Every structure is written in structure tokens, then in C-alpha cells.
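In what follows, residues are counted from 1 in the order of the sequence shown. Remember, it's 1-based here, ligands and their atoms both numbered in the order they're listed. In this text the structure is predicted, and so the values were computed from the model without any measurement.
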Amino acid sequence: MHLAAILKGKPFQPISPASMPDPRDRALANRIVTTAMRRHGHISLVLDDLLKKGVPDRAGPLEAVLRTGIAQLLYMEGIPAHSALHLSVEAARRDKRSGRFDKLVNGVLRQAQRDAEKFAALDPILLLPDWLAKGWIKTFGAEAVNKFCVALLEGAPLDLTLKRYDKDLVDALGGELVIGNSIRVNTRESVIADLPGFAEGKWWVQDAAATLGARLINAGKGMRVLDLCAAPGGKTAQLASMGADVVALDIDENRLERLAQNMDRLGFAPEVVVADALAYEPDEKFDAVLLDAPCSATGTFRRHPEVLWQRDAGGIAERVRIQRAMVSHALDLLKPGGLLVYCVCSLESEEGEDQARWALEQFKSIALAPVSADELDGWVEPITSQGTVRTHPGLAVPGSAGGTLDGFFIARFVKN
Ligand SMILES: C[S@@+](CC[C@H](N)C(=O)[O-])C[C@H]1O[C@@H](n2cnc3c(N)ncnc32)[C@H](O)[C@@H]1O
């Protein structure tokens, strides 16, 4: 079962046509799983309330069955309660281990339904794990974090980066300009590959906030740029579209395969390297390095709500260590006068603001190259007093598209 795998630590991937061919069934199943993920915090409290001894051990997918049942009963419209109950009991029976608890499933879901009003009154802040909520309130303030909770429930809109701005294409897509060549499209249920311009390689999917890091390199024709953690290639495509000679490196062969397919469709031809960034020793140094470092990815919780529950402080400390090693090696790969853009799709200051401070203290050969509002089309809000960039889902989106953005931190350094 999809949610059972996510509860064991797998990342959320929409259910594929191969595993559920009927598009309507698949759309509904995806909606149930994502609702259960977005409401995970509240559903945990419902389960605590209704199962005083917790979910029984050695019960296979029982917890996932209960969570998806509660998601349907309490948080989804258009699903009759009797069918949610019936399908949940059937789902439990499909596995021998959870099948023993079919009566418990029935009892818990019926009680959840009776107590629906009480559970509907749960504070939205309880959607977030306590340690993240506390840290975020300290960093971003309570008002912003309330908006994070709304963003978590709403999910992410579809943002596309256009290879070239084309008004007719924007109209055909029903899009609105956000920033640069990034547009927001109001067609969440559509199949991406069926949208106008996909087959012709006119755009790629990329959150508007994710476009900012590569822009800050301001790559020109012939500039030699290393995209050090490149797959699946959103930023590689931006750099290539600016005319740079891009080396796209990543450790993950499967993800690089996706990058290669994306570049093929878009008509770009970066040099693709499968390697550990820390061991990469090219013959020639680079004019710029984009380090989109592996991170906790807490800034992507709108599309990957599972990150909220799969992360802990210990994991973040380990990522901080790897990010530092990557910054150090990236600086070795730069020519004098070259630029390093460090970015993370994380809301944690340990992986963002603190890393920039650490780098400036650690490496006397670098200085911060502050970002100006002109470079972000006049959008001043995400620019910090130091000249780094911080986006988060509580920030107003430029233009008239509305909605929210991923959380990113970006710092640009110049090597003397
Ligand atoms: C945030 S994602 C990159 C997203 C990408 N820049 C984009 O815009 O599409 C981080 C990437 O780092 C890669 N990665 C993790 N550890 C690495 C390492 N030691 N060397 C190279 N790549 C690594 C992961 O495989 C993953 O693709």
C-alpha cells in the first residue's frame, strides 16, 4: 500500500498509471494519500485519542489503513462515509496481519466519525511536528508559520519555467507570470505531458522559488559552469538556456537518466557526469559553481508533506556536515574571481543562514556577493539584510498569480 511505504520512510511519488491504470481511480487514490499526508499531524492526534494503547504491533499496513480511512471520513468531501468504512475494512482484510484487526478498523472509524466535530477543532499548528513548529516560529514568526499550515493543506500549484517568454504559449497554458520566465498554471489535475509546449520542449516543471539560484549566476554565452548536484536538471536547464557550457554532475545514476531525458526534450546538451561531488577532479576549473546541495528539503513540504515526519534534528546535523564538505570542494573547483551559488530547499537555518556565516568565517578567500532587487525583477521581500535570499511559503508571491512558494535559502560568494 502506498501510504504504508511512505510511513516506513519512502518519499511520496504519485501512484503511477502502471500500478493503477484507470485515471479516475488513480486521481482519487492520489488524493486520499496526499490528504492523509497533509493531515498527518491531526490524524496522529485522532489515533492517539481513539487507540489508547496505540496502533497494535505486527499489524502490517493497519496504520496506513486507519490513516487513509480517517482522511476520507474527516477531511474529504464527496466520499460517502459508508464507502470509506467499507473500503477501509476491505483494505485491512487484504493483508493477513492487518486482517485480524478488521473489527478494530470498523470501530475506530465509526468513533472518528461520531467525534468529527471535536477533531475538526484541532489547532492548525498541530499539523506540524512540535520541533519544527517551534524552530520555524522562532525563525519566521507565528504569522508566517500559520500561513505554512494553510500552504501544507493547499499543496503546491504547478510552476513552469519557459525556455523563452512567449505570450501565446502563456495564454495557451492559462498561466500567469511569477518572476523571470517562471509562470504559474492553474491546471493541477492535468497530465503534464499533455500540456501545450511540453512535447516541443518549450518549458520544464520548476517551482518559481527554485529558479532564483541559477539566475544569480547570470551565466553568459561560453561561461563554464558546474552544476554540482544537478539531477533532475531544473537548474541545469536554466543555465543552458542562458548559453553557458554546463557540466551537470550528480551521484545518482537514475536521477541523471531523468536529467538526460529532460535535456533531450528541451534541446540542451550539457556534459553529464556521474560522480560523487566530493571526489570530482576536473582538468579545468570553472567560472561558476552552482551547489544545490542535498538537504532536509523541508522547504518542499507543500508537495512532499512526508518530509515533515521523516526528518529529525540528527539527520539535519549529518546533512550540515556533508554540505560543508561540498562547499569546501566547490571552492577548490572555482577559478579566481569565480562565483559559488549555494542553495538549499530547506527552511532550517542550520542548512542555510548558518552555513553562509560558517563559509565566510572558514574561507578567507571568499566574500559574499550580495543580491540586489534588480536581479530579482525588483522583488525585495526575499532579500535579507546580508544580501542572501530566503523564500518560504509565508511570503507573498510576486505578480498576481497568488499561492505560495517553496522554501529556499541562497547565498552567492565570489572567490578572490
Ligand atoms: C536538491 S537535489 C538537486 C536538484 C537539482 N539541482 C534541480 O534543480 O533539479 C540534490 C541532488 O544532490 C544529489 N547528491 C547527493 N549527494 C551527492 C554527492 N555526494 N555528489 C553528487 N550529487 C549528490 C542527489 O542525487 C540529488 O539529485
Which residue and non-hydrogen atom of the protein lie closest to [atom], and at what distance in Å?
| atom | answer |
| --- | --- |
| atom 8 (O) of ligand 1 | K235 NZ, 2.9 Å |
| atom 23 (C) of ligand 1 | I251 CG2, 3.5 Å |
| atom 19 (N) of ligand 1 | D276 OD1, 3.0 Å |
| atom 2 (S) of ligand 1 | R255 NH2, 3.7 Å |
| atom 12 (O) of ligand 1 | C229 CB, 3.3 Å |

[X] and [Y] ion-paired at < 4.0 Å:
| X | Y | result |
| --- | --- | --- |
| D207 | R302 | yes |
| E361 | R357 | no |
| K163 | E200 | no |

| field | Nearest candidate to atom 24 (C) of ligand 1, where distance is taken over non-hydrogen atoms, out of L256, D250, D252, V273 | value |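 When every heavy atom of L256, D250, D252, V273 is considered, D250 comes closest to atom 24 (C) of ligand 1.
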
| task | Apply the side chain to side chain donor-acceptor pair (under 3.5 Å) test between Q323 and each candidate in E318, E350, E351; give the one that qualifies. | result |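 So the option named by the test is E351.
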
| When rounded to the nearest 0.5 angstrom, what distance separates CD1 in I410 from CG in L290? |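 I410 atom CD1 to L290 atom CG measures 9.0 Å (nearest 0.5 Å).
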
| How far does CG of L340 sit from NZ of K415, to the nearest 0.5 angstrom? |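 It is 10.0 Å, given to the nearest 0.5 Å.
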
| Hey, is ligand 1 close enough to P294 that some N/O pair sits below 3.5 Å? |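 Between P294 and ligand 1, no N or O pair is found under 3.5 Å apart.
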
| task | Between A230 and ligand 1, find which residue part has any heavy-atom pair under 4.0 Å and reply side chain, backbone, both or neither. | result |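 Contact part for A230 vs ligand 1: backbone (N, CA, C, O).
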
